[in-house]
Amino acid sequence: MAYVISDECIACGACEAACPVGAISEGEGKYQIDPEVCIECGACAATCPVGAPAQE
Ligand code: SF4
Ligand code: SF4
């Protein structure tokens, strides 16, 4: 399952830079992950200061 960014996201952008496949982009009020691109590496979850990205 692809990672999903929860509403805890504070839109800092750190995960976008950490994603090796460019699956993360800025959405409305928070960042979002394209499930078709995410390879489930976990880098975004490890980078996020508030623990917003998680696998559903
Ligand atoms: Fe990108 Fe990896 Fe996070 Fe998927 S799990 S969005 S590939 S950093
Ligand atoms: Fe949101 Fe966490 Fe990504 Fe920052 S690192 S944009 S808080 S999901």
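One-based numbering, in listed order, for ligands and for the atoms of each. Any value given below was found using the heavy atoms of this structure, including those in side chains, with hydrogens, waters and symmetry copies removed.
- When every heavy atom of A18 is checked against every heavy atom of A43, the shortest pair comes out as O-CB, 3.9 Å.
- Compare D7, I33, I24, I5 by their heavy atoms: the one nearest to atom 8 (S) of ligand 2 is in I5.
- Applying the 4.0 Å criterion to heavy atoms of I39 picks out, from ligand 1, the atoms 4 (Fe), 7 (S).
- Interatomic distance, CD of E40 versus CD of Q55, reported as 5.5 Å (0.5 Å rounding).
- When hydrophobic side chains of Ile, Leu, Val, Met, Phe, Trp and Tyr are connected at separations under 4.5 Å, I24 ends up clustered with Y3, I5, Y31, I33.
- Between C44 and C19 there is no side-chain heavy-atom pair separated by less than 4.5 Å.
- For A45 against P53, the heavy-atom pair with the smallest separation is CB-O, 3.6 Å.
- Residue C38 has at least one heavy-atom neighbour below 4.0 Å for each of these atoms of ligand 1: 4 (Fe), 5 (S), 6 (S), 7 (S).
- Smallest separation of non-hydrogen atoms from I39 and P20: CD1-CG, 4.4 Å.
- Those atoms of ligand 1 with a heavy atom of Y3 less than 4.0 angstrom away are 5 (S).
- Counting only protein N, O or S atoms, 1 lie closer than 2.8 Å to atom 4 (Fe) of ligand 2.
- Protein heavy atom in closest approach to atom 1 (Fe) of ligand 1: C19 SG, 2.3 Å.
- Looking only at protein heavy atoms, the nearest one to atom 2 (Fe) of ligand 1 is C41 SG, 2.3 Å.
- Between atom CD of residue Q32 and atom SG of residue C15 there is a gap of 10.5 Å, rounded to the nearest 0.5 Å.
- Those atoms of ligand 1 with a heavy atom of G42 less than 4.0 angstrom away are 2 (Fe), 5 (S).
- Counting the atoms of ligand 1 from 1 in the order shown, those under 4.0 Å from a heavy atom of C44 are 3 (Fe), 5 (S), 6 (S), 8 (S).
- The atoms of ligand 1 that sit less than 4.0 Å from any heavy atom of V21 are 7 (S).
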